[in-house]
Amino acid sequence: MNQQYTFQIISQSEPGLNNRSFSVTVGKIVGGCSAINAQMFDRGSAADYDAWGDVTGSEFREAGWTWDGLLPYFKKSVTFTPPPASDVEKYGYTYDVEAAYGGNGSVQAIYPPFQWPSEKVMRTAWAELGATPQKEAAGGKAYGVFWLPSSQDPKTQTRSYARTAHYDPVASRGNYHLLVGHKVTELILAETDNEERGFEAQGVKIQPVDGKNVTTVSVLSDQEVILAAGAIHSPGILQRSGIGPKDVLSAANISLKVELPGVGQNFQDHATTSLFYDMTSDLPGPMDMFMNQTLYQEALRQYEQEQKGPLTLSGGNSGAFLPLSLITNSSQTILSAINSQDPSAYRPKDTHPTVLEGYANQLDSLKKLLSSKEAAVFEYPISVGAMIAFLKPLSRGSVNIDPLNPLAEPLVSYRTLTHPADLAMFIQGIKVFRRLYTMPSAKTLGPVELFPGQMVQTDDDWAKWLKTSITPSFYHPVGTASLGPKSKGGVVGPDLRVHGVTSLRVVDASVMPLIPGTHTSSTVYAVAEKAADLIIKDGQ
Ligand SMILES: Cc1cc2nc3c(=O)[nH]c(=O)nc-3n(C[C@H](O)[C@H](O)[C@H](O)COP(=O)(O)OP(=O)(O)OC[C@H]3O[C@@H](n4cnc5c(N)ncnc54)[C@H](O)[C@@H]3O)c2cc1C
């Protein structure tokens, strides 16, 4: 990935992953991560978003932070263009416009005009293993095996993302200014005599990012400030402004304005790893194209001249999303172990009691999701090798300012696998590949496991291997300025306003209280559409 377009951040050493450190990839470009993502454009299950309402409480449920409340915004945010009948026939695409789409939002979703033949073989193999084939997953049924669209323009077959969808069409408006090459360092807050909201956000301070001429300029707002710097950078802006956990702020010598212990906590992502297989059949696949200049040049010509062929594919268009009960017959043992544990046992000792209370609610919801047949615990993306992503982590990390240099990149701690149930589930999840490749359809590909291979057999072997092979991020950081009451570690209320501050909302992946079992961009667009409605309503 071009380093020019990403922030350069290295995580803290990860105690659950043999103290390894990892690159934290987030986009430093107009459009943010949507400008560099893999364009896999799906949604979680209804149960995933209903869990948001469960963990945050009735005020949030009534304000629509549930699947039924969010579905209209998912629909509104996107225009889905169905594939031509010939592609449906050729590749077996299935979809249900009524259940999932019907809006005319500016982000485009399509099924590309190409799939490798192995896609169909693997989808059949997952069904043979027991995954329910879904006609349409984006209507709340994101479990089983299904197609998922790409965020891609149907005419040009190029990326459709926050910039092309939400900035370019309005760039010429006189009242819209996009200032590139600068970063927000902190918010400008003024005291109010409002008892509940003692501060008002009046604007932001900005600096150029080139490191030269570092002058700070104030930009004032006469309405409100919307913070949308993503789950890695929004918490730092709040903390530098005096909004956050007391101990984090005092360590950095920042005076506390609004004590909000949840800022930067509740950090979640989807951890991933891969096995490596050699497919000995002669079915053509992407490696054949990349290894053979003639094939590659022809693919390039097809893409550039006809907007067709293998280069219209992005990260992949299907996957198996499995509930725990399909992965292992030991799910009850795992759940009993979670039940018998004190929720605080695997959180850092200094975790604030309100954050712990919110986390205890999350564990209750997670237990329900782990028991459900309608919520996925692992994703197995088809077409990117034998990759697995863990969708329901119990471990929680943090993103805090660096006390020695608050303006530097934040201290990112994923704390992946610090809850032992996560490792127990991952061991079961990874073993599914070995079952998968004994299914009749998968066997036709002639799979030979190259890595880790037969040296890894027992659960202990897998546990050791996983700690050396897992990376903590599928690039889906969320939860660092979470929806929820302040008494439960929440940072924003049902209207996305930061507790204790008027005229300040957070509108990005930070607000998700629980990470949904899906790639996260479409959920961010839905949250943003809902935010737009809230802002318009309040302005009337
Ligand atoms: C490599 C990669 C692959 C991914 N693949 C997929 C995928 O296939 N499908 C999917 O659905 N999701 C995917 N995602 C995740 C998805 O793109 C993100 O969940 C989503 O874009 C997050 O949106 P956001 O608005 O919360 O934050 P971001 O997209 O991170 O946007 C935040 C913006 O704020 C800017 N910013 C940060 N700090 C400051 C500051 N101090 N001042 C001013 N501006 C600031 C950033 O430059 C950025 O433009 C992927 C992400 C990555 C990085």
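Counting starts at 1 for both ligands and their atoms, following the listed order. Numbers here simply count residues along the sequence, with the first being 1.
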Pairs of nitrogen or oxygen atoms closer than 3.5 Å, one from [X] and one from ligand 1: do any exist?
X    : answer
S521 : yes
M40  : yes
C33  : yes

Q: Going by the side chain to side chain contact (heavy atoms under 4.5 Å, CB included) test, name the single residue among N104, V107, D153 that passes it with T79.
A: N104

Q.
Protein non-hydrogen atoms only, distance under 4.0 Å: does atom 41 (N) of ligand 1 have such a neighbour?
A.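 Yes; the ligand atom in question has protein heavy-atom contact below 4.0 Å.
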
Q | Side-chain ion pair, D48 and R43, N-O less than 4.0 Å | A |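 The answer is no: the pair does not qualify as a salt bridge.
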
(Q) Using a strict threshold of under 4.0 Å (side-chain N to carboxylate O), is an ion pair present between D538 and R505? (A) yes

Atoms of ligand 1 close to [X] [distance to a heavy atom under 4.0 angstrom, numbered from 1]:
X    : answer
K28  : 47 (O)
H233 : 37 (C), 38 (N)
V184 : 40 (C), 41 (N), 42 (N), 43 (C)

For ligand 1, does [X] get within less than 4.0 Å through its side chain, its backbone, both, or neither, judged by non-hydrogen atoms?
X    : answer
A162 : neither
F41  : neither
T520 : both
Q39  : backbone
I237 : side chain

Q | Distance in Å, F378 CZ paired with L391 CG, rounded so as to fall on 0.5 Å steps | A | 8.0 Å

Q) Does the gap between the ring centers of W126 and F321 come in under 6.0 Å? A) no

(Q) Regarding T272 and T471, do their side chains bring together a donor and an acceptor under 3.5 Å, going by distance alone? (A) yes

